[in-house]
Each structure stands twice: as C-alpha cells, then as structure tokens.
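These notes concern the structure reproduced below.
All figures in this text were calculated on a predicted structure; none of them were measured in a lab. Start at 1 and go down the list; that is how both ligands and their atoms are numbered. Atom set for the values below is all heavy atoms of this structure, side chains included, hydrogens, waters and symmetry mates excluded.
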Amino acid sequence: PREGYGQTWAKTILIGEHSVVYGHPALALPLHELKMQAWAAPAAPDETPRLHALDYDGPLEQSGERFGGLRRAVEVTLKFLGHSGQGFHIRTVSDFPAGRGLGSSAAASGAVVRALLDAYQVDASQEDILNLTNEAEKITHGHPSGLDAATTAGEQPVELSAGNMRSVQPHGAGYLVIADTGVAGSTKEAVEGVRSRLQADPDGVGQLLDSLGQEAQEAIGDLEEGQMEPLGEHMNQAQDLLNALQIGHPQLDHLVEAARSEGALGAKLTGGGLGGCMLALAADEESADRISQALKDSGAKQVWAHQLVA
Ligand code: PMV
C-alpha cells in the first residue's frame, strides 16, 4: 500500500434533532468550508502503528476510549480490504472542534475509511463506505441513525425520516451562521433526558415531539422552495419546543437572542443541545456578517457562515 488520503466535512442539523429519534424528519447539511482530513501511512513490520489526532500523539492501540470509534474504523476497513495484518499510522487534521454536535466523530471515521481505501487504491461503493463508517459510529454513539455518517461524507443536505434517507436540493439566497457556545453538551445525556420525560408524561412530551416533527417537515419544504422567511419562523418555533423539552442552555438562549436582535430570520440550537452550537438563518451575506459579529460580541467561541446554495 501507499500513503492514503481521505476527506469529509462538518455537518449541522438545520431542524428536527430529538424528534428524529422518534421517527419524525430531520435535515442535516454538510459544511463544505469545514474539512476533516485523514492520512494513513503503511507501518513497517517492526513499527508500532501511531495515531496523531486532536491533542493525542502516540500508539494507536493506547489512544483510549475517545478514539475507540476511530480504531474500529481502521479495523473494519482493513478487514473489508482483506489486509487486517497491515498496520497504518493514522493522522487526522480538523478545521472544526470535536464534541460540539458538528459531526466530528463520524467525519473522522469517514475520512479514515477513505484514507485506507485510497492506500490500496480501492474504489468502494458509497454504501460500503457508509456501512464501515457506521460500524465505527456504533462504538462512539451506540445507536447511530446514520445521518452524521451520510451528511459528513456528502455533497448535499440529507433528510432522515422514519429511518429513510434522501438528499435534498436547497434553494434560496440564505446563509446559515453557526456559533459554538464553548459549553460541552452531552448528546447522550440530552437524548436520555427526553426519553425519561416522555415516559413520565407521554401525552405532554409526545405532543412537543409531534409539533417539533411538524415544524421540521414544513421547514424542509421551505428550504426546497427557497422560502427563507417561513423557514426562519419554523426554526424559531423549533427552538421554543426544544427548550420545552429541557435540552436548552442559558448560553444557547443568549446567542439565539443576539442573532434575532441583529435581524436573523430564525435561530435555534443545533444537535444534541445542553450546550454545543446554535445556528441562525440570515437573509444575505451582509446580514450574515452582522449576525456573526453580534454572536462573537455575545461570547461565542467560534462562528462560521455557510451559504445555503453556493
Ligand atoms: O449532537 P449531534 O449533532 O450528534 O445531534 C444529535 C441529534 C439527536 O437527534 C439529538 C440525536 C440523534 O441520534 O439523532
């Protein structure tokens, strides 16, 4: 094998997080301005395979629980290739932070799968690549929906609804502004919290989830038709519902308010909640710039702008 290279991207959930767990639709978009890159270099027989990722630089096998998914990606891909005996030095470089709902784990696993396939110059099908990535995601997330794996590797936004995925063609001149609160929110904790509140109050919480699904359904239609103002309105409604599900955070609310005061058409948390990132919809580039500045002034750790239709 030669040294292989693979690339994926960050993702953000436009709408439908949490209710998607109960079969309602959600839409995620790849953020092509935020790359995840991976290199896989063959290790000599007497060398210990190493991993260089985030702040870790050491033996791959000793890289700990944090990189369990990534090690699994290496293992299943080499097995798929029929080269389980060959060791590889793996290096990843990311343009975006881990643990903020931007899909860093799926993006890293997907990039590593691609780098290993490239090392052997094997052209696998998209389906095989996604299956290998999802094997890795099972280690990281337990029951991945597959939305992150598909979106971080894709060209187009992806809708997931009742377990089915389809790619969506957005229209309209809008921009998304994504901001990191800097607060680490655990998606697992958030999902478990919603589940226990649903058990305690099936009617009330069930109603919130149904309404969230309805907002997502309509928002996805608006995105396809380029209806930016109604799309923003659905995002605002979704934010209220997500707060009612108790997965908000004061810093998320603070940034959402800052974006709306600066003219955002809509603003909400994105991903698991309890911290992590928020996103705002801006009508045009100038508005996106103003909103970005307001978010930075309000304490966002990092801000990125993404044109809906490039
Ligand atoms: O935190 P993220 O970006 O991985 O998003 C989680 C989305 C949820 O709907 C809350 C959970 C899920 O598995 O779909």
Side-chain angles (χ1 to χ4, degrees), residues 8-31 34 36 66 69 94 96-110 130 133-134 136-154 157-165 176 178-198 205-206 208-217 219-220 235 238-239 241-249 251-252 268-279 302 304 306:
T8 53
W9 299 278
K11 72 101 219 293
T12 190
I13 298 180
L14 178 69
I15 196 160
E17 51 274 273
H18 287 287
S19 43
V20 71
V21 173
Y22 301 91
H24 296 292
L27 186 120
L29 307 96
L31 299 174
L34 299 177
M36 172 71 75
R66 196 157 59 119
S94 175
F96 56 98
R100 293 290 193 279
L102 294 174
S104 141
S105 71
S109 296
L130 289 186
T133 309
N134 272 320
E137 281 286 277
K138 280 183 200 163
I139 302 285
T140 315
H141 290 303
H143 302 283
S145 59
L147 186 62
D148 275 21
T151 312
T152 56
V158 177
E159 179 188 336
L160 176 68
S161 185
N164 298 313
M165 271 188 265
L176 290 179
I178 297 125
D180 181 6
T181 58
V183 178
S186 159
T187 296
K188 188 161 176 275
E189 195 183 305
V191 170
E192 281 166 6
V194 171
R195 188 168 297 278
S196 68
R197 285 188 280 281
L198 179 63
V205 175
L208 293 174
L209 291 166
D210 288 349
S211 302
L212 201 45
Q214 190 63 38
E215 297 297 338
Q217 180 83 52
I220 294 167
M235 291 168 66
Q239 172 66 7
L241 292 160
L242 289 162
N243 267 331
L245 286 171
Q246 299 177 44
I247 54 139
H249 186 279
Q251 185 59 10
L252 283 167
K268 61 184 279 295
L269 65 82
T270 177
L274 301 176
C277 291
M278 56 75 70
L279 60 81
Q302 269 184 291
W304 305 274
H306 170 81

Quiz prompt | Identity and distance of the protein heavy atom lying nearest atom 8 (C) of ligand 1 | solution = His18 N, 3.8 Å

Self-check item: Inter-residue atom distance Leu245.CG - Ser211.OG, 0.5 Å rounding
Solution: 9.5 Å

Self-check item: Proximal atoms of ligand 1 relative to Glu17 (non-hydrogen, under 4.0 Å)
Solution: 9 (O)

Quiz item: Which is it for Thr12 and Thr270 under the side-chain hydrogen bond (donor to acceptor under 3.5 Å, both in side chains) test, yes or no, and what are the steps along the way?
Solution: CA-CA 7 Å; Thr12 190; Thr270 177; 3.1 Å; yes

Quiz item: So which bit of Leu102 gets within less than 4.0 Å of ligand 1, heavy atoms only: side chain, backbone, both or neither?
Solution: neither

Exercise. Note the single closest protein heavy atom to atom 12 (C) of ligand 1, along with its residue, its atom name and the distance in Å.
Key: Val21 CG2, 3.9 Å

Quiz item: atom 6 (C) of ligand 1: which protein heavy atom is closest, and how many Å away?
Solution: Thr187 CG2, 3.6 Å

Practice problem: Without swapping roles, check the side chain of Glu137 against the backbone of Ala106 for a donor-acceptor pair under 3.5 Å. | Solution: yes

Quiz item: Please state which protein non-hydrogen atom is closest to atom 7 (C) of ligand 1 and give its distance, to 0.1 Å?
Solution: Ile13 CD1, 3.7 Å

Quiz item: Is there any N or O on Gly16 that sits under 3.5 Å from an N or O of ligand 1?
Solution: no

Quiz item: Do any N/O atoms on Ser145 end up under 3.5 angstrom from N/O atoms on ligand 1?
Solution: no

Self-check item: Side chains of Leu29 and Leu176 in contact at under 4.5 Å (non-hydrogen atoms)
Solution: yes

Self-check item: Element-labelled atoms of ligand 1 that are located less than 4.0 Å from some non-hydrogen atom of Gly271
Solution: 1 (O), 2 (P), 3 (O), 5 (O)

Quiz item: Does Glu215 come within less than 4.0 Å of Lys268, counting only side-chain N to carboxylate O?
Solution: no

Quiz item: In Å and rounded to the nearest 0.5 Å, what is the CG to CG distance from Leu241 to Leu209?
Solution: 9.0 Å

Quiz item: In this structure, which one of Asp148, Leu34, Leu102 forms a side-chain contact (heavy atoms from CB on, under 4.5 Å) with Lys11?
Solution: Asp148

Quiz item: Which residue holds the protein heavy atom closest to atom 14 (O) of ligand 1, what is that atom called, and what is the gap in Å?
Solution: Val20 CG1, 3.4 Å

Quiz item: If we only count N/O pairs under 3.5 Å, is Lys11 in contact with ligand 1?
Solution: yes

Exercise. Answer yes or no: is there a donor N or O on one side and an acceptor on the other, between the side chain of His18 and the main chain of Gly272, under 3.5 Å?
Key: yes

